[in-house]
Each structure stands twice: as structure tokens, then as C-alpha cells.
Amino acid sequence: MTNIASNLNEIRKDLPANTKLVAVSKFHPISSIKAAYDAGQRIFGESREQELRQKVEALPKDIEWHFIGHLQTNKVKYIVPYISLIESVDSLKLLVEIDRQATKLNKVVKVLLEVKVAAEDTKSGLTPEACRALLEDGSWKALSHVEICGLMTIASNVDDLEQVACEFDEADSFFMELKSKYFAAQDSFCQKSWGMSHDYRLALEHGSTMVRIGTSIFGERQY
Ligand SMILES: *Cc1c(COP(=O)(O)O)cnc(C)c1O
């Protein structure tokens, strides 16, 4: 049996102060989230809009929900009312739609840009070139109801730790490039979301400020 509370405590021992832990609860039941909540966890990550909605309704209101999966523009309106951070923004079109829906609700939605630095071809996100182009274009600056708070990335799922470390370093220097070019005056551009169950310790050594951990907290997902 998975002991969620003790898993959480083990992970917390590894985390430097001010590092955020996102408990990735996708595909896990409400009872598991409740167990983590009772152990003090307040930030949870989900990757599917409907599943998120059901969980939001069933669980305490002081939970901070992060959206971490691929997000279709037509689903944005469903999650904007209750999302704390959308970590997976991968196009200007999506950013524009988040701003549009947030404007209707008179709120500002925090987002991360998802960048693809992994050598593996299957990963989602903006390439660094596409991300530069998006920011260079400048039209995002007129979007007053989204706040870009940093970057998210997923490293290659390989055993070669050097490769994974290289990818985190690449994301880290890309973050610094964008920070100095576009966000120097914006303190809220400060989050670097990388590191999952198998690579979060390494991620913390390579600039991460936010780790997204599912399996090591909740056990294997039942798809
Ligand atoms: C599922 C998922 C995670 C968590 O993965 P684990 O290996 O279970 O820790 C983290 N980030 C994203 C984007 C995910 O989709």
C-alpha cells in the first residue's frame, strides 16, 4: 500500500526552502488527494480538464490547482475560473484565449511557458526559437489578464543523467536569457518548473524552483 503522507515527508526533506512541490494527482482518486491534503499538501497538478473539474468540485477550496497537460483552446474557459497556474502554455493563440477568458472573469491568470529542450522528439512545448519569436513579437504585452511567471520543461526520460542535467541547464540559461531580455523589471517572472519523480533531485541542482511529482507520492497511475 502506498503511504502518501510518508512519501510526501520524504520528498519534503529534499526540497530547499522556497521550492514549490506540485503533487501531480492526474489519474489518482479523490481519496489519494485527500490523504495528501491531510498531510499538508496544498498544490496539486492535473492534466485533463474534465478530471480537474470533478476534483475541484469534490475537494477543499484552499487547494491551488496547476494545469500541466496539453491544453486545447476550446477547454480554456472551463479551467480559468479555478486554476492557479497554467504551466503548459505552448502558443500565442493559447495565451490570447487565456487572456480573453480571464478578462471576462476580471481575474489575472498566472502561466508558465512550456519549452522543449529535451532531445526526445515526443515532448510538447515551444522550441526555444519559437518561444523567442513569441516574445519578440510583443503582442503578449497587451494581454493584461495573463501573467507570465516563468518556464516549465520536461527532460528526456533517459537513464543518462548527464544528458538530463544538460537539458535542465539549457532550460536554466534560456530562463536567464528571457529574464534579462523581457522580464527584468518583473519580479513575478521567477518560476522554473522542472523535475519529476525520477529526476527531481537532479533538477533541484540545476535551477528548478518548482518540482512536479506524481508517482513518488501516489504510486503508479492506473490508466
Ligand atoms: C505526469 C506528469 C508529471 C509527474 O510525473 P511522475 O513521473 O509521476 O512524477 C510531471 N509533469 C508533467 C507535465 C506530467 O504530465
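One-based numbering, in listed order, for ligands and for the atoms of each. Along the sequence shown, residues carry numbers from 1. Please read all numbers here as calculations on a predicted model, not as lab measurements.
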For ligand 1, list every N/O pair with the protein closer than 3.5 Å, one pair per line with the distance.
unit_1: ligand 1; atom_1: 8 (O); unit_2: Thr215; atom_2: N; d: 2.8
unit_1: ligand 1; atom_1: 8 (O); unit_2: Thr215; atom_2: OG1; d: 2.5
unit_1: ligand 1; atom_1: 8 (O); unit_2: Arg221; atom_2: NH1; d: 2.7
unit_1: ligand 1; atom_1: 8 (O); unit_2: Arg221; atom_2: NH2; d: 3.3
unit_1: ligand 1; atom_1: 9 (O); unit_2: Ser197; atom_2: N; d: 3.0
unit_1: ligand 1; atom_1: 9 (O); unit_2: Ser197; atom_2: OG; d: 2.5
unit_1: ligand 1; atom_1: 9 (O); unit_2: Gly214; atom_2: N; d: 2.8
unit_1: ligand 1; atom_1: 11 (N); unit_2: Arg212; atom_2: NE; d: 2.9
unit_1: ligand 1; atom_1: 15 (O); unit_2: Lys26; atom_2: NZ; d: 2.6

Taking the six-membered ring for Trp, are Phe175 and Phe189 ring centroids under 6.0 Å apart?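 Yes, they do, as the ring centres are separated by less than 6.0 Å.
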
Taking the cut-offs as 6.0 angstrom to the six-membered ring centre and 45 degrees off its axis, would you call Arg48 and Phe67 a cation-pi pair?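 No.
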
Is it true that, when you exclude Lys179 itself, more than 12 heavy atoms of the residues, nucleotides or ligands shown sit nearer than 6.0 Å to its NZ?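 Check passes, neighbour count above 12.
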
Has Lys55 got more than 12 heavy atoms of other residues, nucleotides or ligands less than 6.0 Å from its NZ?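 Counting other residues, nucleotides and ligands, NZ of Lys55 exceeds 12 neighbours.
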
Look at Arg132 together with Glu177 and state whether they make a salt bridge at an N to O cut-off of under 4.0 Å.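 Judged by the 4.0 Å cut-off on N to carboxylate O distance, Arg132 and Glu177 do form a salt bridge.
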
Output all residues satisfying salt bridge (Lys or Arg N to Asp or Glu O under 4.0 Å) with Asp137, sequence neighbours left out; order by chain, then residue number. none

